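Below is one structure; the comments refer to it alone.
No experiment lies behind these values; they were computed from the predicted model shown. In each ligand, atom 1 is the first atom listed, and ligand 1 is the first ligand listed.
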Amino acid sequence: MGYDANDTRPEAEPDVDVVVVGAGMAGLYMLHLLRQRDMSAVVLEAADDVGGTWYWNRYPGARCDVQSIDYQYSFDAELEADWEWSEKYATQPEILRYLQHVADRYDLRPDIRFETRVESAVWSDDTSTWTIATDTGDRVIARHYVMATGCLSVPKAAEIEGADRFGGDVYFTSRWPHDGVDFTGQRVAVIGTGSSGIQSIPLIAKEASQLTVFQRTPNFSVPAYNGPSDAERAAALAADRDTYRDAARWSRVGVPIEPAERGVWQANEAERQAALDEGWADGGLFGVTRQFNDVIINPESNRIVADYVRDKIRAQVDDPATAESLCPTSYPITSKRLCVDTDYYVTYNQPHVRLIDLRETPIETMTEAGVDVRDAEGSIESHEVDAVVYATGFDAMTGALVSVDIAGRDGVTLADKWADGPETYLGLTTVGFPNLFMITGPGSPSVLSNMAVSIEQHVEWIADCLTDLRASGHDVIEPTVTAEAGWVQHVNDCADITLFPQANSWYMGANVPGKPRVFLPYVGGVDTYRAVCDEVVERDYLGFRRAGPSGDVEHDGVVKRLQPDVSGLLQVMADLELPTIESMTPTDARAFMEITAAQRPPGPDVGEVADATLPGADGDLDYRLYRPGTQGPHPIVAYFHGGGWVLGSCESDDPFCRDLCDRIGAIVVSVDYRHAPEHPYPAAADDASAALQWIADHTIELGGVPGQLVVAGWSAGANVATVAAQRARDAGGPVIVGQLLVTPVTDGSREYPSMNENAEGYVLTKSLMDWFWDHYDADRSSPSASPLLADSLADLPPAAVFTSEFDPLRDEGAAYAAALAAAGVPTDYHECRGHIHTSLTAVDVIISGAPIRAAMAEHVQKFFAG
Ligand code: NA7
């Protein structure tokens, strides 16, 4: 190997192809694979042995919370066959032995420099190399630089007043003495009740004469039911190893378990109880919280599961006050890492174990003799102890990356670039730091997944990337600004549809004072993520610039442009291989829509839902009225449903109408209109006008406020709504104070670019739109069919127009909004990023639509406020 402590050669020729930092699970496999690809590599490791997390975290009870059968390498069937785990959840010593075995088996140690801490890494644009300096004085020049430094490897400082003052023994769970600690007969304080605290407390209690646990925030913990390896899993693995491992690779969390298929709302009380009982009996990370698919999305679902777990905590702890202190209430379950324990809660039933709730009595200071806490009245209680154990956690995910002084292009450091939060492309690379790779970096599934699976995926992606670079004659790779911004946006979009951001967790960086509050891992799932990484390669490294002797090549672009839940729904629909609407008769299509509607979440409760009829232009029309639960009278929204003049009814947008009613605090009157082809153009528009007039005339009887009438509609319903508004203007009444137009049809006379750009793949297709128009059989040049073509749009009520980015109708909606504004109509226009025609109204299905619906409601409230 060509490196040397006194090396002063110019940084022209790399010593090695790759420097890898860290000899944990990631670094070991990276080294092995690089060697297999004929690349030279050296691993730099601060510890004196391999193991990473499993080297450092030697506290009593340290175990992996993913079953051992799943938490191991899968790249070599023989390695798997040679190693047998003694328990379902292996202890730290056993996992460490396993990693040592791997290092020996593949003879990795000769290329690992132990007791070598990397201090800085500097990129040179001139030589396209990284120069890595260590605390031993080594300097290694490498073409590529891989940080395999782990997500939870930099312990957080104690951050407790007077910590230095304590005169007894001090331990950190994350830096536990190699010879172990004997607490027999000692008075011990444990500070912190995360996974490390929860695993170690029952064992420390066995030795200590007195144990005082200082808890700042309680965690949800579920039973491990540790024991021999899970027989069912072992049998499945033995029967077909490749299928088992592949299922893990293409699963949500890197473990081959069947995902829950129903939300809590789809189960009745008894079914919920049975499912939760079953999950509790299974134990582990994937037991009770994985019975329903909406636990981390739907607050009500989350509350039901959290209540169940809280009851289980209460049932285990004898003292009611201690039990209440142990019950988390300040964040949704699983928004902080769920803990998996053995006898944690029952430990508090022992007479020598006491819980101090720091929310009631915060730590005042550490003293020479122990810990002083202060109660609400200001009195101090002193807890004298012989030893303090800090189980206070880590500077997670970014800590290890920014603790090395990494200077990229133009000397900008990673710490500076990430001052407001990490920005990465795929959690693997970052702009301005060519040839730098992070294994399980921020923006990848990492800590939300089985790390073993995510590590292998990253290591293999990086090795493939370097192999491809070599083959194409490039030696530099770096993401583009656009690709990175798009990925950061997508990572945030994914987090924002979940309850994760509500917790002050280390996922959010909230445990480290001053750290930016950003959701760090990628919550979109291991399967989705793997598909994205594969797609990037298939699209010839989309979002990367490559350079080298064979020239420069850049494929700029954003890999995930749809909102994550929209993309998930499209995938589900594609998997169902549903027939297209336009291949059906209108009658069949209507029946099909009804079946689909019956399977969706119901939307929020409102004060009253009443069905009745009103006179249309030619006969009675059904309507459904939604009334808020608050004291009336209320303003009224006259609403027209979507369905291309052919499909739907006054009930078909039920969840959306409930949502509008609830958010706005207005009566929503959803009215039928006659459908084509039985009643072609202009029947729908005529009915809309007649209905609007009737509603205005019956405002008082309906419980409305005279003069407070807004017209609203979605798609074809927005078309007839605004046509009715134009006609009302021309007829001198009724008075309408605003119009809410959601993805409206405004002009059938022309083909806008969005019609072709989004012709297929986003539910409303170009051919379906043709089918609708053909059935409506309208004179498309008439303003009653194409309201954009009206002679004048002046003096129309103020408008809020919402379109979706991936909607064939986007541009005609935008054109209508622009024309309204040009005609002097106060108009707010929103193009909803990453949405499709049907997603804005999909209440409780497309969660990313919720803020948009909130904006719609706000606009309508403004219309009413004048
Ligand atoms: P965690 O989960 O970050 O837990 C740290 C605990 O320490 C947590 O209860 C903290 O309370 C508490 N803490 C941190 N600082 C203080 C101070 N200053 N005073 C009192 N209490 C404090 O780390 P772990 O090592 O237990 O687990 C990390 C992961 O490793 C785990 O999720 C598994 O994936 C494996 P807080 O919640 O911040 O109020």
Side-chain angles (χ1 to χ4, degrees), residues 24-25 52-54 56-66 71 89 92 95 150-163 171-176 189-201 212-222 224 253-254 284-285 325-326 328-331 334-341 344 355-366 371-374 383 388-397 399-400 440 445-452 454 500 503-515 517 520-521:
M25 197 173 218
T53 286
W54 304 107
W56 296 105
N57 289 269
R58 299 173 186 240
Y59 60 85
R63 285 174 197 277
C64 186
D65 53 12
V66 172
Y71 186 82
Y89 296 99
Q92 170 272 329
I95 303 172
C151 294
L152 295 158
S153 44
V154 174
K156 200 172 76 90
E159 289 154 9
I160 292 177
E161 172 65 29
Y171 304 100
F172 280 79
T173 50
S174 52
R175 293 290 180 269
W176 205 254
V190 174
I191 299 177
T193 50
S195 189
S196 303
I198 282 176
Q199 288 186 335
S200 58
I201 283 164
T212 314
V213 177
F214 294 84
Q215 169 191 272
R216 189 163 67 183
T217 314
N219 265 290
F220 289 99
S221 186
V222 294
V253 291
L285 283 180
S325 288
L326 287 166
T329 51
S330 58
Y331 57 91
T334 73
S335 63
K336 286 183 117 175
R337 173 80 175 206
L338 192 66
C339 299
V340 179
D341 71 277
Y344 174 61
L355 180 73
I356 303 297
D357 189 338
L358 299 180
R359 293 165 301 177
E360 285 169 13
T361 54
I363 295 178
E364 177 75 5
T365 184
M366 299 292 291
V371 188
D372 280 4
V373 298
R374 179 178 32 82
H383 298 270
V388 171
V389 173
Y390 288 102
T392 40
F394 300 87
D395 182 354
M397 302 214 54
T440 63
S446 54
V447 292
L448 295 180
S449 69
N450 175 1
M451 289 296 281
S454 287
F500 277 112
N504 288 323
S505 63
W506 53 259
Y507 296 144
M508 290 294 293
N511 65 330
V512 176
K515 192 166 171 175
R517 213 187 141 89
L520 298 167

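Expressed to the nearest 0.5 Å, how far CZ of F500 lies from CG of L520 amounts to 12.0 Å. Separation of atoms CD1 (I201) and CD (Q215) is listed at 8.5 Å; rounding is to 0.5 Å. Taken from OG1 in T217 to CG in N504, the straight-line distance is 7.5 Å, to the nearest 0.5 Å.
S174 contributes no side-chain N or O that, together with a main-chain N or O of G393, makes up a donor-acceptor pair within less than 3.5 Å. Remark: side-chain polar atoms of K336 are not paired, donor with acceptor, to backbone N or O of Y331 under 3.5 angstrom. Checked by atom type and distance alone, the side chain of R359 pairs as donor or acceptor with a backbone atom of S325 at under 3.5 Å. Of the possible polar contacts, one joining the N450 side chain to the G254 backbone as a donor-acceptor pair under 3.5 Å is found. At least one donor-acceptor pair under 3.5 Å links the side chain of R337 to the backbone N or O of V447. Judged by distance alone, with hydrogens and angles left aside, the side-chain atoms of N219 form no donor-acceptor pair with the main-chain N or O of S221 at under 3.5 Å.
Applying the side-chain contact (heavy atoms from CB on, under 4.5 Å) rule to S195 yields the partners Q199, C339; only residues at least two apart in sequence or on another chain are considered. Listed by chain and residue number, V154, T398, V512, K515 satisfy the side-chain contact (heavy atoms from CB on, under 4.5 Å) test with D395 (two or more places apart in sequence, or in another chain).
K336 NZ, 2.7 Å is the protein heavy atom nearest to atom 37 (O) of ligand 1. From the protein, the heavy atom lying nearest to atom 36 (P) of ligand 1 is T217 OG1, 3.4 Å. Counting protein heavy atoms only, atom 15 (N) of ligand 1 is closest to K156 NZ, 3.0 Å. In terms of protein heavy-atom proximity, atom 32 (O) of ligand 1 is closest to R337 CG, 3.1 Å. With respect to atom 4 (O) of ligand 1, the closest heavy atom belonging to the protein is G194 CA, 3.3 Å. For atom 24 (P) of ligand 1, the nearest non-hydrogen atom of the protein is S196 OG, 3.3 Å. Looking only at protein heavy atoms, the nearest one to atom 31 (C) of ligand 1 is S195 CB, 3.5 Å. Atom 17 (C) of ligand 1 has its closest protein heavy atom at R216 NH1, 3.4 Å.
Contacts between L152 and ligand 1, counted as non-hydrogen atom pairs separated by less than 4.0 Å, involve the side chain only. At a heavy-atom cutoff of 4.0 Å, ligand 1 is contacted by the side chain of I160 but not by its backbone. For A158, every heavy-atom contact with ligand 1 shorter than 4.0 Å involves the backbone, none the side chain. For I191, every heavy-atom contact with ligand 1 shorter than 4.0 Å involves the side chain, none the backbone. Residue contacts with ligand 1, taken as heavy atom pairs separated by less than 4.0 Å, involve A391 solely via the backbone atoms N, CA, C and O. Contacts with ligand 1 closer than 4.0 Å are made by no heavy atom of I198, backbone or side chain. At a heavy-atom cutoff of 4.0 Å, ligand 1 is contacted by no atom of Q215, backbone or side chain.
Considering both main-chain and side-chain atoms, N511 never comes within under 3.5 Å of ligand 1 through any nitrogen or oxygen pair. Checked by distance only, ligand 1 and T193 come closer than 3.5 Å through their nitrogen or oxygen atoms.
Which parts of ligand 1 touch F394 is read off a 4.0 Å heavy-atom cut-off, strictly below it: atoms 25 (O). The distance from ligand 1 to the heavy atoms of L358 drops below 4.0 Å at these ligand atoms: 20 (C). Heavy-atom contacts of E159 reach the following atoms of ligand 1: 18 (N) (cutoff under 4.0 Å).
Of the listed residues (W506, Y59, Y390, F214), the one carrying the non-hydrogen atom nearest atom 28 (C) of ligand 1 is W506.
The aromatic ring centroids of F172 and F394 lie 6.0 Å or more from each other.
With F214 as reference, I191 is the one residue of T193, T361, I191 to meet the side chain to side chain contact (heavy atoms under 4.5 Å, CB included) rule.
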